[in-house]
Amino acid sequence: MRLLTFVTASFIATSAYGQSQELIDAATAYANNPVQQELMNDMLSPEGVMAQMGLIGTGLPEDKLQALSQIVSEELANIRPAMEAAMINGMASSFTLEEITALNDFYSSPVGASAMSKMTPFMQQTMAELGPEFQKMQGSLARRVQEEMSR
């Protein structure tokens with residue numbers, strides 16, 4: 001975890017230029033909060049990504065699913081430092097020290113940790129319900145834009 005913090009801090013040093021070290025440290029502490037780390041673990045889980053790619057439940061042989069899972073795991077591990085660096089930079093650029101501290105305090109509390117642990121299932125349910133609506137909207141949007149462009 002210390003190496004991750006060092007690598008992440010080094011990675012964002014250029015993009016966070018001009019921001020106080022105290023603000024960057026608070027944003028780093030927020031990103032390293034166990035609750036945030038668990039949310040990233042959920043978001044970057046091979047199973048979740050494979051499900052989004054439509055690879056789960058396709059009847060693929062178990063050995064093929066294992067190989068695909070390994071590929072997905074490797075690719076997700078490669079992107080995680082950049083994701084954490086972007087999160088830290090975004091926090092430091094968007095929020096005040098007081099706001100970051102308050103968020104970190106909340107997510108470190110039992111109520112905040114409980115709320116955050118429910119965020120992934122909440123988003124999955126919400127997106128499952130909205131998915132068909134978004135698909136219809138995208139089709140309608142593409143059709144209407146194409147009609148407008150052809151006038």
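Sequence positions, counted from 1, serve as the residue numbers for this chain.
A distance of 4.0 Å separates OG1 of T101 from CG of L97, quoted to the nearest 0.5 Å. Here the CG-CG distance, from L39 to N33, works out to 10.5 Å after rounding to the nearest 0.5 Å. In this structure, the separation between OG1 on T28 and CG on N89 is 10.0 Å, given to the nearest 0.5 Å. With values rounded to the nearest 0.5 angstrom, I100 atom CD1 is found 9.5 Å from Y30 atom OH. Rounding to the nearest 0.5 Å places CD of E133 at 10.0 Å from CD of Q135. Atoms CE and CD1, from M91 and I24 in turn, are 13.0 Å apart once rounded to the nearest 0.5 Å.
Between P61 and K64 the shortest side-chain heavy-atom distance falls below 4.5 Å. Contact check for M40 versus E84: side-chain heavy atoms found under the 4.5 Å cut-off. Looking at heavy atoms from C-beta onward, L141 lies out of side-chain contact with R144 at the 4.5 angstrom threshold.
Note on R143 versus E147: salt bridge recorded, some NZ/NE/NH1/NH2 to OD/OE distance being below 4.0 Å.
Other residues, nucleotides and ligands place more than 12 heavy atoms under 6.0 Å from the CD atom of E99. Residue I79 qualifies as open at atom CD1: its count of foreign heavy atoms under 6.0 Å is 12 or below. Heavy-atom neighbours of E74 CD from other residues, nucleotides or ligands within 6.0 Å: above the threshold of 12.
Contact record, A92 with A27: N-CB, 4.0 Å, taken as the closest heavy-atom pair. When all heavy atoms are compared, the tightest approach of S108 to N104 is OG-O, 2.7 Å. Of all heavy-atom pairs spanning F106 and V111, the tightest one is CE1-CG1, 4.2 Å.
Judged by distance alone, the side chain of S94 and the main-chain N or O of G90 form a donor-acceptor pair under 3.5 Å. At distances below 3.5 Å, not a single donor-acceptor pair connects side-chain atoms of S114 with backbone N or O atoms of P110. Side-chain atoms of S140 do not come within 3.5 Å of backbone N or O of M137 as any donor-acceptor pair.
A side-chain donor-acceptor contact under 3.5 Å links Q37 and R80. Between Y107 and Q36, the side chains place no donor N or O within less than 3.5 Å of an acceptor N or O (distance only, hydrogens not considered).
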